[in-house]
There are 2 protein chains.
Amino acid sequence: MDSKILNLRSKMEVYKAMTDGGNFADCPVRDVIQGISGKWSSLLMMALAERPYRFGELRRLVPDISQRMLTQTLHDLQRDGYVHREVFPTKPPSVEYSLTDLGRSMFGPLQQLVQWAELNHGAVRDARAAFDATQG
Amino acid sequence: MDSKILNLRSKMEVYKAMTDGGNFADCPVRDVIQGISGKWSSLLMMALAERPYRFGELRRLVPDISQRMLTQTLHDLQRDGYVHREVFPTKPPSVEYSLTDLGRSMFGPLQQLVQWAELNHGAVRDARAAFDATQG
DNA sequence: AGTGCTGCTCTCTTTTTGAGACTATATGAA
DNA sequence: TTCATATAGTCTCAAAAAGAGAGCAGCACT
């Protein structure tokens with residue numbers, strides 16, 4: 001028996017058990033994962049894990065995000081409890097975004113994934129090139 | 001000095017250093033992360049980590065995915081080297097999808113995130129409820 | 001001859017995202 | 001005064017992505 005495979009099986013079982021009667025559609029784990037799997041969520045989490053940032057700073061840090069998506073993604077991250085938004089009464093008023101404790105605790109696992117991407121983006125690039133060569 | 005914060009800083013530096021001259025737009029880490037942060041990618045990775053599945057089996061396992069998105073997500077995962085697609089010459093022909101070694105190695109970190117979601121979906125639900133109550 | 005299974009693709013509609021103008025207030029420079 | 005800058009957004013419209021569902025080709029079973 002391979003305990004690694006058994007472990008993977010049990011994970012899937014949990015993902016499945018969270019749902020009512022084996023239906024995946026209303027799974028809370030899925031719900032949480034989808035909240036952080038947006039196009040910009042993980043990038044903003046990475047930035048805010050470094051230190052708090054203001055709206056305009058984030059915009060300059062991630063030059064190809066639109067203001068609209070920055071507003072919306074920060075709003076969603078705040079709603080899910082990962083990000084704290086604080087308005088300072090300067091003139092003009094400035095808004096600072098920072099991670100909450102929940103956000104920091106989620107950032108741990110997220111960081112693992114980023115680390116993996118860091119180590120393996122070469123392999124992914126190669127796989128894409130090979131695939132495109134045969135399927136082109 | 002807080003070594004944890006220093007560590008987070010260095011992670012962001014790496015994410016940033018991957019780009020040409022501090023520009024985030026063409027970052028390979030971002031490229032890899034975005035490839036697996038689609039709406040269905042992580043869910044299919046979870047399923048295929050359990051065991052290989054056929055197209056129709058995946059469709060039944062994840063009832064609210066459309067055929068179109070299942071085809072496309074599997075295609076993208078295959079292109080990035082996470083998933084292997086094998087056609088068996090049965091009548092009618094059947095197609096089996098399984099994780100590659102690269103896919104399995106990526107599934108480790110991904111699983112950490114799922115585990116976190118499992119433990120913390122209550123906190124996220126509460127945060128959402130609290131946010132909606134004040135901002136509704 | 002009709003029905004069903006397989007793994008798709010094609011089209012149409014709805015949702016999401018992107019690009020960019022516009023708001024309101026205040027500060028400093030010409 | 002008038003112009004330019006900065007703040008953090010919102011609003012509108014176009015483009016891209018996703019969802020719904022029909023259609024397809026080949027074979028087996030009845």
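In what follows, chains are A, B, ... by sequence order, proteins preceding strands, each numbered from 1.
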Nearest-nucleotide pick for Lys91(B), side chain only, options being dC27(D), dG7(C), dG19(D): dC27(D)
Sugar-phosphate only, base, or nothing, as touched by Tyr97(B) at under 4.0 Å among non-hydrogen atoms: sugar-phosphate
Presence of Gln72(A) side-chain N/O under 4.0 Å of dT17(C) phosphate oxygens OP1/OP2: yes
Of the listed nucleotides dG18(C), dG9(D), dG19(D), the one nearest the side chain of Trp40(A): dG18(C)
Minimum-distance nucleotide to Ser94(B) side chain [options: dG19(D), dG7(C), dA8(D)]: dG7(C)
Pi-cation contact, Tyr53(A) with Arg51(A) (under 6.0 Å, within 45°): yes
Selection from dG19(D), dA6(D), dG18(C) that lies nearest to any side-chain heavy atom of Pro92(A): dA6(D)
Check ion pair Asp101(B)-Arg104(B) (N to O, under 4.0 angstrom): yes
Sugar-phosphate, base or nothing in reach of Arg59(B), heavy atoms under 4.0 Å: nothing
Proximity to the side chain of Arg68(A) - top-ranked nucleotide from dG9(D), dG18(C), dG7(C): dG18(C)
Listed nucleotide nearest any side-chain atom of Lys39(A), set dG18(C), dT6(C), dA8(D): dG18(C)
Closest heavy-atom pair and its distance - Met106(B), Ile36(B): CE-CG2, 3.3 Å
